[in-house]
Amino acid sequence: MAEHLNSKLGKALDPFTGKHDAGSGGNLRSKAAVDDFPGDFAKLKLSVIRPAFENIGNMLKERGHEINISEDAGGKISIHIVPAGAKKSIHPYDWFPTLSFIGAPFTRTIGLHGRNARRNSDSASGPRGDYKPSQVNKETVEKELMKFVAEIANW
């Protein structure tokens, strides 16, 4: 019975640790056989998300807004928009409207989170959707960012 439990627990933990494949006699899986979500998300940030943020960010800069694109160690990429006429003064960029794409390795999804109101207000902050990596393309990022910009137009 204990061996059955160990076998069952081992199979449950294998995908979590990504180390063993029952079909290969307990040998280590090759890197190609393991889903590389962090790598896929990193490539999407570099080739799709950041360029879309920069493209629309440049258009916003031309209209007098201040833009900051940031990435954190956890993999989140965000665009912060300081609306024209707003005083940044001592506030950090994340005090202003922010749209973020956040990788979730365990679910292999990319979450979209936005905060389009001042921190001291009660509205419009939270999750805005989850995408599979295959769903994240230039058009999707631009559409979500433009929808976000429209929401903050009267900020």
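The model shown is predicted, which means the values in this text are computed figures rather than measured ones.
Note that CG of D40 is 14.0 Å distant from NZ of K132, once rounded to the nearest 0.5 Å. Taking CG from L44 and CD from Q135, the interatomic distance works out to 11.5 Å, rounded to the nearest 0.5 Å. The CZ atom of F41 sits 14.5 Å away from atom CZ of R108, with the distance rounded to the nearest 0.5 Å.
With hydrophobic clusters built from ILVMFWY side chains whose heavy atoms lie under 4.5 angstrom apart, I77 does not share a cluster with L46. Linking ILVMFWY residues whenever their side-chain heavy atoms come closer than 4.5 Å, directly or via other members, places L145 and Y131 in the same cluster. Cluster annotation: I81 is connected to I69 through the hydrophobic network of ILVMFWY side chains, with a link wherever side-chain heavy atoms come within less than 4.5 Å. Side-chain heavy atoms closer than 4.5 Å link hydrophobic residues (I, L, V, M, F, W, Y) into clusters, and following such links, even through other members, never connects I102 to V136.
In this structure, the salt bridge (Lys or Arg N to Asp or Glu O under 4.0 Å) partners of E71, at least two apart in sequence or on a different chain, are K45, R50.
Within the 4.5 Å cutoff, no side-chain heavy atoms of P51 are placed close to those of K138. Contact annotation: the side chain of H65 never approaches that of V82 to less than 4.5 Å [non-hydrogen atoms, C-beta and beyond]. When side chains are defined from C-beta on, F37 does not count as touching T109, because their heavy atoms never get closer than 4.5 Å. Put simply, the side chain of I79 reaches to within 4.5 Å of the side chain of I67, judged on heavy atoms. With a 4.5 Å cut-off on side-chain heavy atoms, I56 and M59 count as touching.
Put simply, the side chain of S70 never gets that close to the backbone of N68: no donor and acceptor are under 3.5 Å apart. Checked by atom type and distance alone, the side chain of E144 never pairs as donor or acceptor with a backbone atom of V141 at under 3.5 Å.
Side-chain polar atoms of H113 and S100 form no donor-acceptor pair below 3.5 angstrom.
Closest heavy-atom contact between P97 and P83: CD-CD, 4.3 Å.
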